[in-house]
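Chain letters run A, B, ... following the sequence lines, proteins first and then strands; every chain starts at 1. Computation of the quantities below employed the complete heavy-atom set of this structure, encompassing side-chain atoms and omitting hydrogens, waters and symmetry-equivalent molecules.
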Number of protein chains: 2
Amino acid sequence: MTATRTRKAAPEAGGSLVDTAYHAMRRRILDNRWAPGFRALEQELALTLGMSRTPVREALIRLANEGLVEVVPRHGMRVLPVSAGDMDEIYQVLGSLEATAAELVAARKPPRAELAPLEAASKAMDAALARDDLDAWAEADERFHRHLVELSGNRLLAATVQNFWDRAHRARMFTLRLRPKPVNSTREHTELVRAIRRGDAAAAREAHRAHRERGRRELTAILARYRLPTL
Amino acid sequence: MTATRTRKAAPEAGGSLVDTAYHAMRRRILDNRWAPGFRALEQELALTLGMSRTPVREALIRLANEGLVEVVPRHGMRVLPVSAGDMDEIYQVLGSLEATAAELVAARKPPRAELAPLEAASKAMDAALARDDLDAWAEADERFHRHLVELSGNRLLAATVQNFWDRAHRARMFTLRLRPKPVNSTREHTELVRAIRRGDAAAAREAHRAHRERGRRELTAILARYRLPTL
DNA sequence: GCATGCTCTAACGTATACATTAAAGTACGC
DNA sequence: GCGTACTTTAATGTATACGTTAGAGCATGC
């Protein structure tokens with residue numbers, strides 16, 4: 001898992017301690033090793049990461065800007081929980097931007113070869129589902145959506161979507177096993193790809209909108225059902 | 001101008017030097033006193049702002065995250081120019097999110113009173129246009145759009161839009177006097193408000209989409225006409 | 001028992017110190 | 001005169017020092 005990124009010994013450092021701290025903390029948060037609500041003082045973090053407070057502080061600023069943590073003056077940082085309401089907001093934004101991305105991709109009419117990653121991701125989702133491997137399924141699903149926004153050709157849009165996707169990641173993983181098997185998603189993805197291939201921008205937008213709308217409804221239902229106010 | 005914010009002597013500081021530095025630098029950039037391409041070393045900035053490098057660095061991280069500046073290891077910070085391509089990307093994202101906001105507002109069917117700020121802003125735009133006061137017009141226009149996204153009820157969306165709006169601000173102000181008088185904008189705004197009042201979400205989305213699309217085309221045309229690669 | 005005000009600790013915000021290292025300048029050989 | 005390797009400089013990244021102050025704990029009075 002997350003294999004494509006690893007390069008050397010240090011998984012994804014930019015050489016600087018700030019980057020090391022940023023990536024290390026981000027990873028722990030996304031992997032839920034630092035659960036929502038987790039608190040730690042700057043000094044503790046520095047100790048944990050084997051550096052001084054300075055780079056830790058700078059990394060925390062980035063994480064705070066990205067909405068993953070909150071820094072409260074006397075209580076250190078706190079991993080932000082994501083409430084049901086937050087998820088709703090995130091899904092609205094994601095839905096809007098990804099639908100636009102789908103539209104843009106279709107309008108660009110990219111050559112078949114460029115769409116290969118999308119098709120590969122779709123296939124991987126199918127295969128994972130057949131094996132009942134939900135983690136692999138989720139990984140492939142994320143890959144599909146990441147490629148989609150990247151194919152839009154709008155780097156700003158892609159980066160923005162990625163950020164919001166990160167915020168929703170934990171909640172998605174958590175509810176992965178609570179919701180009905182995602183048998184529809186694959187079909188919807190296929191449909192979306194078909195619309196893109198036809199160069200039918202409106203259909204692509206609509207396909208994505210419907211896809212996300214269903215996803216949002218399912219998630220909301222689960223959050224309500226299990227009374228999960230925050231994740 | 002920017003009257004509502006001022007509170008004490010320091011216009012908009014949060015008490016901390018980091019906040020002071022952040023707001024001071026952001027203001028200079030948005031006001032174009034630090035033009036695109038402007039460079040400065042951390043030490044110079046610290047001197048200018050009357051503080052040490054530490055708070056300056058932390059403020060710079062925020063500004064860099066927001067896409068207003070770039071920090072190059074040996075050459076200090078640099079105010080990022082916005083290329084025509086960047087503007088295109090920004091407008092695509094803004095268009096997507098604001099259209100969604102319009103749709104959300106309409107779907108909420110808010111009471112008349114809540115729409116008052118929108119109508120007031122529209123009126124102010126008309127009045128400014130009648131006086132040929134383009135700055136006041138632009139200010140009212142920004143107010144209209146800000147209120148619109150705030151009325152969506154989605155705080156995340158509102159914050160995101162505001163950020164992108166900031167990035168585009170300079171270019172908008174620059175082209176303000178190069179483009180035809182914005183006589184259509186007001187009419188389009190009015191139409192949008194009408195759709196919202198009717199609670200017609202689809203019409204609201206479409207009205208906004210058309211509005212933005214025209215704006216994007218006009219801007220692109222100007223950038224091409226005057227060969228303005230960056231702003 | 002509970003509220004109020006005081007003391008004291010320690011976390012933070014900021015300043016400063018310092019080692020590292022990229023970049024500019026310089027001398028040298030050809 | 002031109003390219004190359006060395007020296008020097010200075011901007012940064014990081015660590016550390018330090019004053020300030022929020023907040024916890026405690027004593028006191030009701």
One pair to check against side-chain contact (heavy atoms from CB on, under 4.5 Å): A/L148 and A/R146. What are the steps and the verdict? CA-CA 5 Å; A/L148 180 71; A/R146 183 152 35 80; over 6 Å; no

Rounding to 0.5 Å, atoms CG (B/L104) and CG (B/L151) come to a distance of 11.0 Å

Output for pair (A/L68 CG, A/R28 CZ), nearest 0.5 Å, gives 14.5 Å

Give a yes-or-no answer on whether the side chains of B/S96 and A/S96 include a donor-acceptor pair shorter than 3.5 Å.
yes

Are A/N163 and A/E66 linked by a side-chain donor-acceptor pair shorter than 3.5 Å? no

With heavy atoms of chain A within less than 4.0 Å as the criterion, where does contact along DNA chain C begin and end?
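Footprint of chain A along DNA chain C, 5' to 3': C/dA10 to C/dT14.
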
Suppose we screen for salt bridge (charged side-chain N to carboxylate O under 4.0 Å, His left out). Which residues come up paired with [X], at least two apart in sequence or across chains?
X      : result
A/D86  : none
A/E114 : A/R108
A/E42  : A/R53, A/R57

Salt bridge or not between A/R172 and A/D141? Use side-chain N to carboxylate O under 4.0 Å.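 Yes, this pair counts.
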
The correct set of residues in residues 42-70 of chain B placing a heavy atom under 4.0 Å from DNA chain D is B/E42, B/R53, B/R57

Rounded off to whole Å, could you give me the [atom1]-to-[atom2] distance for the [X] and [N] pair?
X     : N      : atom1 : atom2 : answer
A/Y22 : D/dG13 : OH    : P     : 17 Å
A/R74 : D/dT20 : CZ    : P     : 13 Å
B/M77 : D/dT12 : CE    : P     : 11 Å
B/R39 : D/dA10 : CZ    : P     : 18 Å

**Item:** Rounded (10°) bend between the five-pair end axes of the helix from C/dG1-D/dC30 to C/dC30-D/dG1
**Value:**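 Taking the rotation axis at each end, their angle is 0°.
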
(Q) Parallel, tilted or perpendicular: which one describes the rings of B/H211 and B/H208, with boundaries at 30° and 60°? (A)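 Judged by the thresholds at 30° and 60°, the geometry between B/H211 and B/H208 is perpendicular.
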
